[in-house]
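For the single chain, residues carry numbers from 1 onward in sequence order. Basis for what follows: all heavy atoms, side chains included, without hydrogens, waters or symmetry-related copies. Numbering of ligands and ligand atoms starts at 1, following listing order.
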Amino acid sequence: MISLHRSCFLSNTGISGSSSPFSYKLKKLPPASIKVTAVVPNRDRNNSVLIENNNTLKEVREDGTSSVADVDSNHTVAGGDRDVYYDDAATEDQLVTPWAMSVASGYSLLRDPHHNKGLAFTEKERDAHYLRGLLPPTVISQELQVKKMMRSIRKYQVPLQKYMAMMDLQETNERLFYKLLIDNVEELLPVVYTPTVGEACQKYGSIFRRPQGLFISLNEKGKIHEVLRNWPQKNIQVIVVTDGERILGLGDLGCQGMGIPIGKLSLYTALGGVRPSACLPVTIDVGTNNEQLLNDEFYIGLRQRRATGQEYAELMHEFMTAVKQKYGEKVLIQFEDFANHNAFDLLAKYGTTHLVFNDDIQGTASVVLAGLVAALKVVGGTLADHRFLFLGAGEAGTGIAELIALEISKQTNMPLEEARKKISLVDSKGLIVKSRMDSLQLFKKPWAHDHEPIKKLVDAVNGIKPTVLIGTSGVGKTFTKEIVEAMAALNDKPIIFSLSNPTSQSECTAEEAYTWSKGRAIFASGSPFDPVEYEGKVFMPGQANNAYIFPGFGLGLIMSGAIRVHDDMLLAASEALAAQVTQENFDKGLIYPPFKNIRKISAHIAANVAAKAYELGLATRQPQPKDLVKYAESCMYNPAYRSYR
Ligand SMILES: NC(=O)C1=CN([C@@H]2O[C@H](COP(=O)(O)OP(=O)(O)OC[C@H]3O[C@@H](n4cnc5c(N)ncnc54)[C@H](OP(=O)(O)O)[C@@H]3O)[C@@H](O)[C@H]2O)C=CC1
Ligand SMILES: CC(=O)C(=O)O
Ligand SMILES: [Mg+2]
């Protein structure tokens with residue numbers, strides 16, 4: 001626990017009474033449930049101290065007066081949720097303090113990624129913050145910095161170099177990183193996310209420079225709560241956690257899966273507006289079964305085969321208990337890229353006690369349902385009129401299938417079991433049928449229909465005659481010419497989704513889908529493909545990726561103070577996304593709105609999810625804001641620089 005002497009908040013710069021900028025005095029307090037959270041010398045406040053005590057914030061002003069606010073209601077305009085330091089909430093013309101453990105200044109200010117502005121520090125700031133001589137004389141705007149960075153990133157030919165340049169930027173100047181990402185989202189998404197993040201994970205050991213997330217390994221067993229304390233940020237609202245066993249379609253990458261939580265959380269901020277300081281990437285390292293990594297001298301994880309069974313469950317349980325204890329009931333935990341033999345169990349086990357959701361099972365389901373609902377406007381009919389065939393019956397495949405069945409059941413009042421019969425899945429052993437029931441994993445059993453066994457996908461296509469074919473196998477090139485042609489022979493407008501990531505694992509490319517179907521396919525893929533010209537017409541493939549859903553979904557949960565995730569919230573997110581597809585998008589063959597509008601899309605998703613949370617009685621933030629879309633927009637993090645007093 002620390003307390004600050006008054007001297008550090010009396011002057012304009014916050015440093016009077018000190019002989020050097022680094023001499024703020026910190027006084028040890030006896031252990032108590034009170035801690036000084038921040039000096040708040042901004043906006044309409046006089047200099048004051050915020051004291052956080054359980055869920056209340058007490059503001060003690062210089063004149064001796066004080067007031068108490070519920071932390072939960074400390075929800076600020078344009079500052080992300082629980083922006084207690086007010087530096088995100090401040091508009092660009094309001095002054096804020098570059099608050100770290102102390103007021104950052106001089107050399108340390110330039111090395112503090114949260115407050116560094118590089119050449120954009122003004123003359124006044126350079127004087128006030130001991131920056132004279134540490135920077136060359138020129139002062140440039142953030143816009144010019146963006147232009148300069150984009151130019152240098154575009155010069156790299158190799159995607160991994162672009163990725164590393166972006167990660168360097170995130171570690172040196174966070175606001176510039178997010179400004180770049182938000183303003184150039186369509187160009188930079190493939191750099192910080194799929195496909196490049198896949199290669200980054202594969203080579204993470206070689207490119208690793210500084211930790212950007214928490215590594216919790218078996219070595220930390222019994223100490224996870226202490227490890228969480230080592231993370232510098234305290235007001236965590238979203239955790240993305242992986243154990244690295246199924247990274248995209250690239251398999252077990254062990255500890256090097258860390259690139260995924262980091263990438264997902266940068267999208268939480270850029271696409272969904274959650275403050276970066278509220279995001280915590282975590283990798284649970286229980287070893288890896290990847291022999292190549294175990295023999296790689298640069299591998300950064302535990303050099304042992306994966307722990308399983310009780311040992312695995314105990315570490316995960318300690319982690320789940322510790323995060324809830326430390327960050328409270330409302331911290332959102334997103335499970336990401338776990339292998340399916342753990343993913344379904346973890347979701348079932350913690351779904352009733354924690355605010356958790358599995359992006360691969362649930363986020364993917366929501367984005368695909370949205371794409372299908374939009375596609376129906378082009379092909380006609382209702383969901384119940386269609387027949388769905390999946391290649392791949394794991395997390396993504398069965399997750400999507402279940403949400404489609406749920407939606408059909410809601411639309412038609414058909415029992416869920418009946419609705420499921422419209423959906424068939426093929427796994428590595430062939431079509432899932434009743435005769436295989438005894439050997440099927442639990443999550444596949446609901447999909448074992450009465451049907452003769454079929455081994456090959458092409459035979460399943462010709463036998464079942466699907467109108468929709470969805471690839472969730474993690475294996476590239478599995479939608480062959482024969483299969484796409486079979487879909488095109490059966491349907492005037494076949495719907496074909498190749499969802500596997502990264503691009504190398506896509507079941508087919510956009511070009512293959514359009515060419516082999518003679519321009520008739522309605523196509524979307526998990527990783528992005530460029531537009532395709534076929535017989536003089538340009539086709540725009542959609543990107544059916546859960547990145548459309550989880551940032552807005554998470555924001556909706558956070559802003560409503562939701563305590564549990566409910567399937568109806570996934571349907572609400574789907575509905576909001578599908579509603580964002582315009583006629584102009586349809587005219588270009590798109591069934592998803594362009595990513596360049598993602599913040600607006602996320603605000604609509606967040607609003608629909610929050611509305612559902614209120615309707616279900618799962619929202620704790622009261623009263624419910626009148627206009628949830630506006631409210632979501634007002635909560636979003638803005639990466640423009642702030643002016644320092
Ligand atoms: N676009 C998006 O937003 C998302 C995309 N994905 C992608 O989906 C893919 C799968 O992920 P996920 O469902 O979590 O993985 P899982 O491991 O849970 O499932 C993979 C499924 O594919 C089956 N499979 C594997 N090889 C073949 C094959 N040659 N023929 C037929 N079936 C096969 C497996 O069969 P068996 O069960 O017999 O082993 C299993 O049922 C990944 O590439 C991932 O990147 C995932 C989430 C979101
Ligand atoms: C997109 C995603 O979550 C995956 O491929 O695993
Ligand atoms: Mg994933």
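Taking the six-membered ring where the residue is Trp, the centroids of Y534 and Y514 are separated by 6.0 Å or more. Checked against the 6.0 Å centroid threshold, F595 and Y548 count as a close aromatic pair. Centroid-to-centroid, the aromatic rings of F553 and F550 stay 6.0 Å apart or farther. Aromatic ring centroids of F523 and F539 lie 6.0 Å or more apart.
Less than 2.8 Å away from the Mg ion (ligand 3), the protein contributes these N/O/S atoms: E336 OE2, D337 OD1, D360 OD1.
Around ligand 2 you find Y193, R246, L248, K264, E336, D337, D359, D360, N501, N545, N546, each with a heavy-atom distance below 4.0 Å. A distance limit of 4.0 angstrom between heavy atoms and ligand 1 selects the residues R246, L248, G249, N340, D360, T364, L391, G392, A393, G394, E395, A396, D427, S428, K444, T472, S473, G474, V475, L499, S500, N501, G526, A544, N545, N546.
Using a 4.0 Å cut-off between charged nitrogen and carboxylate oxygen, E417 and K421 do not count as a salt-bridge pair. Using a 4.0 Å cut-off between a side-chain N of Lys or Arg and a carboxylate O of Asp or Glu, K434 and E452 do not qualify as a salt bridge. Checked for salt-bridge contact, E336 and K264 meet the test: a charged N lies under 4.0 Å from a carboxylate O. The residues D252 and R246 are annotated as not salt-bridged, no charged nitrogen and carboxylate oxygen being separated by less than 4.0 angstrom. Look at D427 and R436 and you find a salt bridge, because one of the NZ, NE, NH1 or NH2 atoms lies within 4.0 Å of a carboxylate O, short of that distance.
Among all heavy-atom pairs drawn from P594 and I601, the shortest one is O-CD1, 3.7 Å.
Using modelled atom types and a 3.5 Å distance limit, the side chains of E507 and T478 yield no donor-acceptor pair.
Partners of H317 under the side-chain hydrogen bond (donor to acceptor under 3.5 Å, both in side chains) rule, at least two apart in sequence or in another chain, are Y350.
Under the 4.5 Å side-chain criterion, counting only non-hydrogen atoms from C-beta, Y637 is not in contact with V274.
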